[in-house]
Amino acid sequence: MTVGVREQPRGAGSPRPRPGARPGLVGWLTGLAVLAGVGYRLWLLTQAAPPTNSDEATMGLAALHIARGEDFPVWFYGQQYMGTLEAYLAAPVFALAGGPSLLGLRLPTLALYALFLLLTWRLTLRLTGDRWFGLLMVALLALGSDRIVKNQLIAGGGYPEMNAAGAALALLAVDLATGGPGRRSAADGRTAGTGRPGWRLARWATWGFLAGLMLWVDPLVLPYVAATGAVLVGFCRRELWGAAGALLGTAAVLGAAPLLLHSLLTGRNPLHAVLAASGANASAGWPDRLHGGLVLGPGLGLGFCAPGQCATWQLWWSLALPLLLAIAAVTAWRALRTPEPAAVGPGTVSPRVAAAVRLALVLAAVGTLGAYTVSSSAGLTPVESSRYLSCLLISLPALLWPVWTVARHGLRTAVTGRRGVGSTLTRTVAVVLLAATLATAAYATWRATQTVPAARAAEARHTELVSTLRQLGVRHVRAGYWTCNRLTFASAEQVVCAVVDDTLRQGFDRYPAYRREVDSAAAPAWVAPAGSPLAEVLDERQRVTPGSLDLVTIEGWRIYLPR
């Protein structure tokens, strides 16, 4: 006997609420969840959490140079991939504020998170028509574990904007496929579009521009570009042969213009740099890759783990994810193969379009997970590299929709439509799964908040370091990689730093001009975190050649001044 998921009475394609209708309880709760998610992250920013680092400071320095009109970088300094969109977004903030700051650098990333939250809510409603499920998605995405808030708030390149762009691409695909040629209205037989023709062309241009822009910013979101693009080809291929296709292609070229122009002028292929960064030039065993990609990765990347680690019980989501992917794919495929109703109301989403986009989101998640698992990064640095799975959040509405439907309505037999013991048990399992998802994410969020005092204290110590260097009149220093650009950014380039390794040899300078300036200085100082290998080497130099360096110590830091 065949079983299937019972559809909700008001699913995809159901009429929209009347214009001006009151939001009701679910509307107010959704608004509160949005405010809670944004407010939680704003509170983190005021507490200097999550902790910053020199990579984020590198993006801040790029924003500072843009704001001053000194440089307009295409790529993250020191590499030939990962576009500097975040720097261009932060530059106006720096200009208006009169100087750089960590808060100013992160305000655009907070805005991108808020946009992602709203786009996901809208996408969920368009795909399912269920406002309570929309509330569930907003509540889940309002939570934020250590890894999640790092991806969303740290301006380190690519991650804050990818999720917003991916959700926007999926939402645009829903609207464009719904209003495609040949779709007839139930009311009068006219084409059931999604607004005036001008707005439709604007949607085509927006989809193309976002696709091209993400090609420049970070290729991790490309599975979602490809999957939603396939939906457009499937439902609107005739339209793509005309003005819509030309406009989409032109907008895509415009969005990817920084990448294309740089590649043409330099003859460099950014794909090579991306492959090198993913660990293609390194080696990791397949057991390590599979463990990092399929066991640790989903729990960390989707926000179900404590800061920097996953307890064994928190890995349950990694076991559930393959099953959720399979169920979501099967149910979406069956809905896609179901004949479409003879008439679709104007402004509503066809069940086949909704199913196609859900299937696209599932396939994009599979592609993202597979690409990460086969990379050496999954085996070599599984905890930190789990950030490569941040785009999986875009697919959550598609993954959890079948579970939600079963939790609310249970299973039914295709023949009798009667519920039995199996249906009740399955419904209970679905409810437990949803509750466990929220509870695990909430626990990880609570654990993340416990790290805030340490982050605030570390930022205070760094602020004291910058102040001390200014009081000492130090203009040029040598320090480790994770100290240098952070120090230069925090001082607004009043202190310029060149990178050294733990043996005092030249390190990796992302911005070579700083190295040249420090090398030309008369007597650069040395800066090292207390207890670090670099500090031990400099202390040994003091012991071997007494009087060569004057030591100034502050909490957490050691400053060595040449005599």
Closest non-hydrogen contact found for Ala448 with Tyr40 is CB-OH, 4.0 Å

Do you know which of Leu127, Leu336, Val362 makes side chain to side chain contact (heavy atoms under 4.5 Å, CB included) with Val357?
Leu127

Does CH2 in Trp333 sit with more than 12 non-hydrogen atoms of other residues, nucleotides or ligands closer than 6.0 Å?
no

State, with a plain yes or no, whether a side-chain heavy atom of Trp121 is found less than 4.5 Å away from one of Leu117.
no

Heavy-atom closest pair (Ala87 atom, Ile66 atom, distance to 0.1 Å) is CB-CD1, 3.9 Å

Hey, what do you get for CG (Leu172) to CH2 (Trp207), rounding to the nearest 0.5 Å?
9.5 Å

Is there a side-chain contact between Thr120 and Val138 in this structure, where contact means two heavy atoms from C-beta onward sitting under 4.5 Å apart?
no

When you measure from the side chain of Thr109 to the backbone of Leu105, do you find a donor-acceptor pair of N or O atoms at a distance under 3.5 Å?
no

Any side-chain heavy atom of His409 sitting closer than 4.5 Å to one from Arg427?
no

Grab the two heavy atoms, one from Ala335 and one from Arg358, that are nearest each other, plus how far apart they are.
CB-NH2, 4.1 Å

So, are Arg106 and Glu86 salt-bridged, with charged N and O less than 4.0 Å apart?
no

With rounding to the nearest 0.5 angstrom, report the OG1 to CG distance, Thr124 to Leu119.
10.5 Å

Going through the distances and angles, do Asn151 and Leu393 end up as a side-chain contact (heavy atoms from CB on, under 4.5 Å)?
CA-CA 11 Å; Asn151 292 342; Leu393 291 177; over 6 Å; no

So, Ser376 versus Arg289: side-chain donor-acceptor pair below 3.5 Å or not?
yes

Heavy-atom nearest pair, Ala378 first then Pro382, reads O-CB, 3.2 Å

Nearest-0.5 Å distance, CG of residue Leu135 to CG of residue Leu29:
5.5 Å

Begin from the C-alpha positions of Cys391 and Ile394 and carry the test side-chain contact (heavy atoms from CB on, under 4.5 Å) through to its verdict.
CA-CA 6 Å; Cys391 288; Ile394 305 170; 4.2 Å; yes

Within the side chain of Arg41, is there an N or O that forms a donor-acceptor pair under 3.5 Å with the backbone of Ala142?
yes

Taking atom OG1 of Thr84 and atom OH of Tyr77, what is their separation to the nearest 0.5 Å?
8.0 Å

Before you tell me yes or no, could you show the steps for Thr368 and Leu220 under side-chain contact (heavy atoms from CB on, under 4.5 Å), namely the whole-Å CA-CA distance, both residues' side-chain angles and the distance that decides it to 0.1 Å?
CA-CA 7 Å; Thr368 298; Leu220 290 176; over 6 Å; no

To the nearest 0.5 Å, what is the distance between CZ on Phe304 and CD1 on Ile148?
8.0 Å

Between Leu433 and Leu400, is any pair of side-chain heavy atoms under 4.5 Å apart?
no

Just checking Trp132: does its CH2 atom have more than 12 heavy atoms from other residues, nucleotides or ligands closer to it than 6.0 angstrom?
yes

Do any N or O atoms from the side chain of Arg387 and from the backbone of Arg147 form a donor-acceptor pair under 3.5 angstrom?
no

Do the side chains of Arg408 and Asp130 get close enough for a salt bridge, i.e. N-O under 4.0 angstrom?
yes

Between the side chain of Thr331 and the main-chain N/O of Ala328, is any donor-acceptor distance below 3.5 Å?
yes

Of the non-hydrogen atoms in Pro160 and Ile154, which two are nearest, and what is the gap between them?
CG-O, 3.5 Å

Non-hydrogen side-chain atoms of Leu296 and Ser318 separated by less than 4.5 Å
no

When every non-hydrogen atom of Asp55 is compared with those of Phe76, the smallest separation belongs to O-CZ, 3.1 Å

Heavy-atom distance under 4.5 Å between the side chains of Leu290 and Val295, does that happen here?
no

Using side-chain hydrogen bond (donor to acceptor under 3.5 Å, both in side chains), reason through Thr381 and Ser385 one step at a time and then give a plain yes or no.
CA-CA 6 Å; Thr381 55; Ser385 296; 2.5 Å; yes

Using a 4.5 Å cut-off on heavy atoms from C-beta on, say whether the side chain of Leu259 contacts that of Tyr81.
no

Please work out which of the three classes, parallel, tilted or perpendicular, describes the rings of Tyr88 and Phe72, given edges at 30° and 60°.
parallel

Derivation of the side-chain contact (heavy atoms from CB on, under 4.5 Å) call for Asp175 and Arg126:
CA-CA 9 Å; Asp175 288 342; Arg126 294 289 281 165; 2.7 Å; yes

Leu361 side, atom CG; Leu169 side, atom CG - distance, nearest 0.5 Å
10.5 Å

Describe, in one word, how the ring planes of Trp75 and His262 are oriented to each other, choosing from parallel (under 30°), tilted (30 to 60°) and perpendicular (over 60°).
perpendicular

Assess, by modelled atom type and distance only, whether the side chains of Tyr224 and Ser395 contain a donor and an acceptor separated by less than 3.5 Å.
yes

When you compare the side chain of Trp199 with that of Trp204, does any pair of heavy atoms fall below 4.5 Å?
no

Distance alone, cut at 3.5 Å: any donor-acceptor contact between the side chains of Thr128 and Trp404?
no

Short question: side chain of Glu56, backbone of Ala155 - any donor-acceptor pair under 3.5 Å?
yes

Suppose we screen for side-chain contact (heavy atoms from CB on, under 4.5 Å). Which residues come up paired with Leu85, at least two apart in sequence or across chains?
Leu89, Glu161, Leu213, Trp216, Val217

